[in-house]
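Just dropping this structure here.
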Amino acid sequence: MANIRPFKAWRYNNKLGQQIGELTSPLFDVINERQRDELYQNEINSIHLSVPLQADTPEKANETIAKWKAEGIIKQDPLPAIYVYYQHFTLPGSTKPLTRKGFICMIEATDWGKPDSDIARHENTIPHSVKDRVDVLRATELNVSPTHGLYRDEDFELEQYMDESMRSPIYDSEDYQGVRDVLAVIHDYKVIQKFANKVKQQKIILADGHHRLESSIQYREECMANNANHTGTEGYNFHMMYLTNGASDDLRILPTHRLIHGIEDFSQEGLLEKLGEFFHIKPLADPYDIHEIILGKKWAFGLLFGDDAYKIRLKPEVHEKLNWKFPQLLKDLDLTVMHYFVIEKCLGIPGKDQRKSPHISFERNFAVCVKKTLKGEAQCALITKELDMETVEKVCASGHTLPQKSTYFYPKVICGYLFGSIKEDEFTL
C-alpha cells in the first residue's frame, strides 16, 4: 500500500515568493557547470541547498538552512497540505501545448529491494551519487526537491480537485527549460483523503529521482537501526515526491546518450573493426541526420567521432550471443544491446563495472555530444533512441531494472518552490 500524507512545506517568505523565478534551480543531476556558477551568485538561491558549493560540506548546507530559517528567508506553512504542481510545456519541433498535472506530498520510503515495496524502480543507480545525497540528507534532514513518481487514475478523478486549486496559484514562473511551472495548495482534509485513497492500493513507479529516493531509503534504514522505539510514523520514514498520472498523455521520455572517454589505446579504427563483428556499419555524411536515420529501427544506434558519424545496427543473428542473465524482455531492449555489445564487448568495460565506470558519462543534449567529440573531451559518443512508457512499466513489472540513465522524463521538476522537512518537530502534523 502506497502511504502518502500531507506536510507543512518550508517556502520562501511572501515577499521573496514574488520573485520565485530567480530562486529556483535545476535538479542536482542535470545542472551544468555554467548554470551552477551563475546561480551561486545569488546567496539565497535554492542551489545552495540542493548542490552545495564543492568547497562546502553537507554540514555547511545545514548551517545555511538554519540561517535562512532564523532570518525568515524561508518559513514553514502553518497547515499541512498537498501541493498541486502543473508544468506547461511544448516539445522541440512542436507547437502543441502540453500540461503535466500532479501533486507533491510525502510518501513512505519503502525499500524497493524488497518484494512488498510500494515503489518500483526501473533504473540502476550510481553508488557515489547516492552517497552524496545521503550525506546531504543526513546533515540537513530536508528534502529540497521532489522526486517524480507515477500512479494510475484511468478516470482522471483527481483532476477536478487539482484544477480547482489552480484557480488560486501560489507561484507561476518560467524555468530554465522554458517550462511554465505553477504551484497551488490543497488544505481540505476530505479532499486530501481522496488523493490518499486513490494511490493506497497501487505500486508507484519511480520516473525520476532514483538517487534521491535511494538516499531516503538508506537514511531510513540507518535511523530505524538506531531507534529502539521505531513506530514507522517518524519523519525519517518519508520522502517528498511529485506524483503524476501514468494514464495521461503528458509523459515524455527523452533519450540519454553515452559519452566514452579515458580508455587507454583507444582508436576510431580499432573500435570500428571490433564493432564490425557484431554490427552493420554505415558512414553518415551529416551527424545531425542520426536521429532520423535510427528512429524506429531496432538495435540501431548513432556513433560519433568528431566530424565522423556512423549508423550501427546489430546483426540479428548475433543477438543470441547476449549471455547476460536477463529475462528476454530486457535482452531485447536497445540499451541492453548497446551496453553488452558496444560497451562490454567492443570497449572492454564489463557489465558489472559499468555503473561505476569513470569511462562512461551521460548527456541528453545531442549538440553537446557533437561538441565534446569534436573538442576531444570524449573519445566517442553513442547516440540512443527514446523509450516508451509501456516498456518502462513492463520492466518495473518484471522486477528487473534498465541500465543506469536509461530514461529522461521531460520536463524535469525544479528545486526551490518548496522544501520538505523530516525533522521530527517540523514533520509532525
Side-chain angles (χ1 to χ4, degrees), residues 4-28 30 39 42 44-47 49-50 68 73-89 97-107 142-151 158-189 191-192 194-196 199 207-209 212 238-245 248 250-251 409-421 426:
I4 69 168
R5 55 175 284 169
F7 67 109
K8 294 180 288 188
W10 284 87
R11 297 189 292 113
Y12 286 101
N13 67 45
N14 290 336
K15 184 178 180 180
L16 290 173
Q18 296 174 17
Q19 57 187 51
I20 193 65
E22 299 175 18
L23 304 173
T24 60
S25 59
L27 299 177
F28 86 102
V30 297
L39 293 176
N42 185 337
I44 58 171
N45 186 280
S46 55
I47 190 70
L49 304 188
S50 60
W68 288 8
I73 292 171
I74 58 174
K75 293 187 174 183
Q76 189 171 27
D77 285 344
L79 297 174
I82 60 173
Y83 297 83
V84 179
Y85 180 32
Y86 282 11
Q87 293 180 290
H88 304 275
F89 64 101
L98 297 168
T99 301
R100 186 165 68 195
K101 301 181 177 184
F103 60 97
I104 300 171
C105 61
M106 286 289 183
I107 187 168
L142 192 74
N143 287 180
V144 297
S145 59
T147 53
H148 179 197
L150 306 174
Y151 67 97
L158 301 182
E159 280 203 7
Q160 58 182 310
Y161 305 107
M162 292 192 282
D163 288 345
E164 177 68 23
S165 75
M166 279 292 162
R167 294 187 179 187
S168 302
I170 301 172
Y171 300 138
D172 189 335
S173 66
E174 183 174 311
D175 66 29
Y176 71 101
Q177 305 164 105
V179 173
R180 179 185 166 214
D181 301 288
V182 188
L183 189 77
V185 63
I186 296 176
H187 289 120
D188 189 308
Y189 176 78
V191 174
I192 292 172
K194 292 180 184 292
F195 282 72
V199 303
D208 194 34
R212 282 170 288 148
F238 289 85
H239 170 88
M240 187 169 68
M241 185 176 285
Y242 173 46
L243 289 170
T244 66
N245 189 358
S248 180
D250 54 16
L251 288 168
F409 282 83
Y410 181 86
K412 295 287 187 180
V413 303
I414 56 171
C415 175
Y417 265 11
L418 47 77
F419 312 109
S421 176
E426 297 175 350

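What you are looking at is a predicted structure, and each value in this text was computed from that prediction instead of being measured.
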Find out whether Tyr151 and Asn245 are in side-chain contact, i.e. whether some heavy atom of one side chain is under 4.5 Å from a heavy atom of the other.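 In short, these two side chains touch, coming nearer than 4.5 Å.
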Relative to the ring of Tyr417, is the ring of Tyr171 parallel (under 30°), tilted (30 to 60°) or perpendicular (over 60°)?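 Rings of Tyr171 and Tyr417: tilted, 30 to 60°.
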Leu418 versus Met240, closest heavy-atom pair with distance: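 The pair with the smallest heavy-atom distance is CD1-SD, 3.4 Å.
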Atom CG of Asp175 and atom CD1 of Ile20: how far apart are they, to the nearest 0.5 Å?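 The CG atom of Asp175 sits 12.0 Å away from the CD1 atom of Ile20.
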Over all atoms of both residues, closest heavy-atom pair of Cys415 and Ser46: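 Looking at all heavy atoms of both residues, the shortest contact is O-OG, 3.2 Å.
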Atom pair CD1/CG of Ile82 and Asp188 - distance to nearest 0.5 Å: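 Rounded to the nearest 0.5 Å, the CD1-CG separation comes out at 10.0 Å.
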For Tyr85 and Asp181, test the side chains for any donor-to-acceptor distance below 3.5 angstrom and give the result as yes or no.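 Their side chains do contain a donor-acceptor pair, which is all the 3.5 Å distance test asks for.
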Centroid-centroid distance, Tyr83 to Tyr242, less than 6.0 Å: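 Distance test on ring centres: not under 6.0 Å, no.
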Atom of Val413, atom of Pro146 and distance for their closest heavy-atom approach: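 Result for this residue pair: CG2-O, 3.3 Å.
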Asn42 (side chain) donor-acceptor with Ile44 (main chain) under 3.5 angstrom: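 Such a contact is found between Asn42 side chain and Ile44 backbone.
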Using a 4.5 Å cut-off on heavy atoms from C-beta on, say whether the side chain of Val30 contacts that of Tyr176.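 Counting from C-beta outward, Tyr176 and Val30 do come under 4.5 Å.
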Distance check, rounded to the nearest 0.5 Å: Met166 atom CE versus Ile186 atom CD1?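 Rounded to the nearest 0.5 Å, the CE-CD1 separation comes out at 9.0 Å.
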Is His148 close to Arg100 at the side-chain level, that is, under 4.5 Å between some pair of heavy atoms?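 Yes, their side chains come closer than 4.5 Å.
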How long is the gap from CD1 on Ile74 to CG on Leu49, to the nearest 0.5 Å?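 Answer for the CD1-CG pair, Ile74 versus Leu49, is 6.5 Å.
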Euclidean distance, Ile192 CD1 relative to Arg5 CZ, rounded to 0.5 Å: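 CD1 of Ile192 is found 11.0 Å from CZ of Arg5.
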If you look at every heavy atom in Met106 and Ser421, which pair is closest and at what distance?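 The pair with the smallest heavy-atom distance is CE-O, 3.9 Å.
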Does Ile170 form a side chain to side chain contact (heavy atoms under 4.5 Å, CB included) with Arg11? I'd like the steps, not just the answer. CA-CA 10 Å; Ile170 301 172; Arg11 297 189 292 113; 3.2 Å; yes
For Tyr86 and Asp163, does a side-chain donor sit closer than 3.5 Å to a side-chain acceptor?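 Their side chains do contain a donor-acceptor pair, which is all the 3.5 Å distance test asks for.
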Side chain proximity check, Ser145 to Arg212, heavy atoms < 4.5 angstrom: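 With C-beta onward as the side chain, the pair touches.
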Before you tell me yes or no, could you show the steps for Cys105 and Leu243 under side chain to side chain contact (heavy atoms under 4.5 Å, CB included), namely the whole-Å CA-CA distance, both residues' side-chain angles and the distance that decides it to 0.1 Å? CA-CA 8 Å; Cys105 61; Leu243 289 170; 3.8 Å; yes
If you take all heavy atoms of Thr147 and Gly209, which pair is closest and at what distance?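 Residues Thr147 and Gly209, closest heavy atoms: CG2-O, 3.4 Å.
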Backbone N or O of Tyr410 within a donor-acceptor pair of the Gln87 side chain at under 3.5 Å?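 Judged by distance alone, no pair lies under 3.5 Å.
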Any sub-3.5 Å donor-acceptor pair from Ser165's side-chain atoms to Val185's backbone N or O?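 Judged by distance alone, no pair lies under 3.5 Å.
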Pairs where residues 12-22 contributes a residue and the test side-chain hydrogen bond (donor to acceptor under 3.5 Å, both in side chains) is met, not counting sequence neighbours: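 Counting only pairs at least two positions apart or across chains, no side-chain hydrogen bond (donor to acceptor under 3.5 Å, both in side chains) contact touches residues 12-22.
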Side chain to side chain contact (heavy atoms under 4.5 Å, CB included) between Tyr161 and Phe195: does it pass, once the steps are laid out? CA-CA 9 Å; Tyr161 305 107; Phe195 282 72; 3.9 Å; yes
Which pair of non-hydrogen atoms, one from Gly420 and one from Phe7, has the smallest distance, and what is that distance?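 So the two residues come closest at CA-CE1, 3.9 Å.
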Using the side chain to side chain contact (heavy atoms under 4.5 Å, CB included) rule, take Asn143 and His239 through it: C-alpha gap first, then chi angles, then the decisive distance, then the call. CA-CA 7 Å; Asn143 287 180; His239 170 88; 3.8 Å; yes
For residues Lys8 and Pro80, determine if any side-chain heavy atom of one lies less than 4.5 Å from a side-chain heavy atom of the other.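 Yes, their side chains come closer than 4.5 Å.
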Interatomic spacing from CZ in Phe89 to NZ in Lys412 - rounded to 0.5 Å: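 If I round to the nearest 0.5 Å, the distance is 13.0 Å.
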